[in-house]
Every structure is written in C-alpha cells, then in structure tokens.
Protein chains: 2
Amino acid sequence: EIVNRINAFSSPLLAGKKVVITAGPTQEPIDPVRYISNHSSGKMGYAIAAAALAAGAEVTLISGPVALPSPAGARMINVTTAIEMADAALEHSCHADIFIATAAVADFRPDTVHPHKLKKTSTSAVMDLHLVQNPDIVAQVAALGSKRPARVVGFAAESRDAEKYGAEKRIRKQLDMIVINDISVAGLGFGSNHNKVTILTGESRTEIGPSLKTDIARQLISFMAEHWQLNSSDLKENNEVSTS
Amino acid sequence: EIVNRINAFSSPLLAGKKVVITAGPTQEPIDPVRYISNHSSGKMGYAIAAAALAAGAEVTLISGPVALPSPAGARMINVTTAIEMADAALEHSCHADIFIATAAVADFRPDTVHPHKLKKTSTSAVMDLHLVQNPDIVAQVAALGSKRPARVVGFAAESRDAEKYGAEKRIRKQLDMIVINDISVAGLGFGSNHNKVTILTGESRTEIGPSLKTDIARQLISFMAEHWQLNSSDLKENNEVSTS
C-alpha cells in the first residue's frame with residue numbers, strides 16, 4: 001500500500017504518451033507586407049507543452065509565429081498560415097494519445113494573395129477584402145476516424161456568453177474536452193502571464209485559476225491525466241517493477 | 001587645425017538634437033481577437049534610435065507592438081493603431097530637428113471595429129471586410145507648416161521598382177530624405193538582422209549595406225549629420241571652448 005502510493009506519486013503522469021499541441025496565432029497574407037492575424041502570445045500553449053514534457057510525454061508543438069523560446073525536448077513544427085497548421089496537425093496527430101488545440105487560428109484568409117505590395121492610390125480611400133473560411137483544425141482532427149487521437153482537447157476564447165459558446169463548440173466539433181477562457185476579463189488571457197479557465201467535458205465542469213499560465217498548464221495536464229486515468233497502465237507496470 | 005580635427009571626431013554628431021522616430025508595425029482591430037497588421041520586427045527603427053542616442057540626440061521612440069527591449073535613454077511612446085501613432089507623431093514631432101518614420105504603418109483599417117468576437121457560422125464561408133484608409137503619418141508630419149521638423153525622413157519597403165516608387169514617394173510626401181529597401185531580396189529586411197538600403201535626397205543617391213541593421217543605423221545617422229551639416233554649430237562652439 002505504501003509502495004503503491006509512493007509510485008503513484010512519483011510516476012510521471014503522461015509517461016510514454018504522445019501529445020500534439022498547436023500554439024500561437026496564424027498569419028494569413030494579404031500581400032508580401034500585410035496580413036490578418038489573431039491576438040495570441042502562444043504562452044498558454046507553450047506552458048502546456050512544458051507541463052506535458054515535465055509529465056513525461058513525448059510532445060510535438062506545432063507553432064505559429066511567436067516570440068517565445070522552444071520548450072526543451074519538444075519536437076517543434078513552425079508554421080505561418082492556418083493551412084500549414086492544418087497540414088501539420090493532421091500529419092502529426094494520427095494515433096496520438098492527446099491532441100490539444102490552443103492555437104488562435106485565423107478563421108478567415110484573403111481569397112487572393114497578391115504577389116506584390118498593393119499600392120495605395122489617392123483615388124481609393126476604401127478597399128474591400130474578400131475572405132474565405134480557413135479549415136477548422138481541431139474539428140478536422142476530431143473527425144480523423146480510425147486515426148483520431150484518443151483524446152481531442154479544444155480551447156475557446158470568447159468575449160461574451162463564454163461558457164454557452166464553449167459548450168456548443170465542444171459538442172459540434174466532437175471534442176472530448178474544451179477549455180474556455182473569457183477574454184472580456186481585463187488582465188487575463190492574451191499576452192498576459194495569467195489566465196482563468198473553465199474546463200468542460202461531457203460529464204464535468206471544473207474551474208482553474210486565476211493563476212499563472214504555467215500553473216494552469218500543470219493543473220490542466222494533471223486534470224487530463226486523472227480524468228481519463230491515463231497513467232493507470234503505466235502505474236501498474238511501475239508497481240510490478242518496483243515490487244519485484 | 002589639429003584641435004579642430006580632434007573636436008570634429010569626438011563631438012557627438014547629434015548633440016542636443018531632438019529626434020523623433022516611429023518604429024514597428026501597427027495593428028488595426030477587426031474585433032477583440034482579430035486584426036490586420038504589417039510585417040515589421042521594429043529592429044531597424046530601434047537600431048536607428050540607439051544610433052541617434054549614441055550620437056548624443058534626445059530621442060523619442062513611438063513604437064507599435066514589437067518584441068524588443070526599449071533603447072536605454074529613449075523616451076518611449078507605445079501605440080497600437082495607425083491613428084494612435086499619428087496622434088503621437090504629430091504631438092511629439094513639433095519643432096523636432098529630425099523626424100524619422102521607419103514604422104510599417106497599416107495603410108488601411110476596418111471601417112467598423114466589432115466590440116465582440118465575430119462568430120463563424122456554418123452558412124458563411126466567405127466574409128467581406130470593408131477597409132478605409134489610415135492617415136499617412138510621415139506626409140502629415142512633413143506638412144506641419146511652421147511646426148514642421150527641420151528634416152523629415154521616410155522609409156519605403158517595396159517589392160518591385162523599389163527605387164522608382166521610393167523617389168516618387170519622397171517628392172509626393174515632401175520628404176527631405178527617403179530610405180528605400182527592396183523587400184524582394186531574400187534574407188534581408190523584415191525580421192532579419194541584415195538590411196541593404198538606398199538613400200535618396202533631392203541631390204544624392206547613396207547605398208549602404210548589405211550589413212547588420214545596427215551598422216546601417218549608425219551609417220544612416222552619420223550620413224544625415226554630414227549631409228545636413230547638423231553638428232557644424234556645435235562643432236564651432238566646442239572649438240571655442242577648447243581653444244579658449
């Protein structure tokens with residue numbers, strides 16, 4: 001009993017698990033100079049990658065353009081656009097144990113990318129930009145069928161009715177879990193080192209924070225491991241070894 | 001004669017001069033999450049600010065969102081949108097000795113900023129974004145009349161016919177000098193630490209680089225001081241002091 005407890009405590013929560021994480025914004029070019037993007041420092045996704053690595057997981061981090069150092073030990077895939085991120089996510093998430101979509105993917109991109117810088121002319125004080133929808137990456141990964149990761153986790157950043165939209169999004173996109181943050185709360189979320197999230201699964205509602213993003217990341221990883229009992233098989237193996 | 005030469009060498013090129021510099025991109029919000037921006041690391045503008053400070057100038061740096069440390073000794077004005085940058089530039093450049101516009105200002109902004117995150121609906125696979133023109137900051141500063149800075153310097157980033165467009169831009173915007181970089185050259189310009197520029201005044205054409213942006217910044221500041229003989233009065237005063 002004592003041996004079990006010690007092993008349960010010291011066993012890395014995600015030992016041997018394959019975790020794929022998307023992070024940061026995407027940039028959708030208008031021309032060589034201009035682009036559309038989303039606010040995202042990448043801090044939450046990078047913190048989750050670091051927490052998953054610390055929990056013993058094998059981590060692939062698919063990242064849009066951010067100003068952050070790569071977490072030591074992560075396999076980095078650097079991308080710019082949503083289409084590049086979708087390609088990388090579909091390729092690397094096959095048969096993963098957990099796919100975690102923290103990236104703030106641009107929903108729309110310009111339908112035409114101009115090869116040269118658009119000139120501002122004195123006659124055109126207005127400009128219409130025609131946008132088309134980008135792939136919904138987390139929904140595509142959740143619909144992978146036989147290659148689908150065992151668990152798919154989405155993030156929702158909402159400025160109103162955060163929990164309502166988040167709950168709908170979880171069901172519509174066939175996610176196992178959604179992590180909601182209300183971006184209307186000042187001082188939390190985008191660019192900040194702090195955050196507060198609400199986690200919805202089919203069966204539970206859990207709040208974490210307000211706290212440092214690094215703390216929230218560790219608690220999220222613990223919550224996933226415990227909620228899905230991901231380390232039960234590893235724990236059993238560890239016990240067998242240590243009591244032999 | 002020897003005293004003159006020593007003083008000419010040791011006198012800070014821009015001692016006591018008031019230099020105002022804009023740097024970095026601007027971000028033009030679509031809603032609380034999305035924005036339009038321009039590629040710009042801010043490195044060139046920050047390097048010019050550092051070079052101007054080293055040359056003895058009093059520097060005000062009006063900066064869009066970048067991931068760079070503030071140059072020690074600069075007065076920092078942090079802004080997000082082109083309108084905020086224009087307001088700061090017009091306020092701080094009055095009676096300046098040199099105004100240097102390195103910022104990659106977004107030419108257009110969405111005509112409406114949505115207070116809440118726009119929802120992606122399954123029925124709308126396309127979206128039209130209506131943009132209106134932003135103020136032309138360097139042209140507005142150059143047209144300040146009696147409050148106009150003594151010298152106004154623009155930057156032009158062009159992907160083709162760089163020198164032709166740059167020369168036209170200098171005249172149209174009433175600039176004393178334009179610094180042109182050809183962004184079609186791989187490995188130079190945006191995000192890079194290296195650059196190559198062509199400087200046009202009414203009378204001269206000068207190339208600097210390819211070189212480190214920090215080197216180009218120092219050479220640009222030296223060129224401005226020498227071309228406009230900005231330190232001649234200071235030099236005279238220094239000589240009087242040291243030979244008295």
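In what follows, every chain begins at residue 1, and chains take the letters A, B, ... in the order their sequences are listed.
For the set B:Val132, B:Asp128, B:Ile30, the entry with the most heavy-atom pairs within less than 4.5 Å of chain A is B:Asp128. With chain B as partner, the option from A:Ser37, A:Pro25, A:Ala67 having the largest number of non-hydrogen pairs under 4.5 angstrom is A:Ser37.
At a threshold of 4.5 Å between non-hydrogen side-chain atoms, the residues B:His130 and B:Thr112 do not count as touching. Within the 4.5 Å cutoff, the side chain of B:Asp176 has heavy atoms near those of the B:Val152 side chain. In this structure, the side chains of B:Leu131 and B:Arg109 stay at 4.5 Å or more apart for every pair of heavy atoms.
For a residue to count as touching a neighbouring chain, one of its non-hydrogen atoms must lie under 4.5 Å from one of that chain's; by this rule A:Glu28 does not touch chain B.
The residue from A:Ile77, A:Thr80, A:Ile62 that alone fulfils the side chain to side chain contact (heavy atoms under 4.5 Å, CB included) condition with A:Met85 is A:Ile62.
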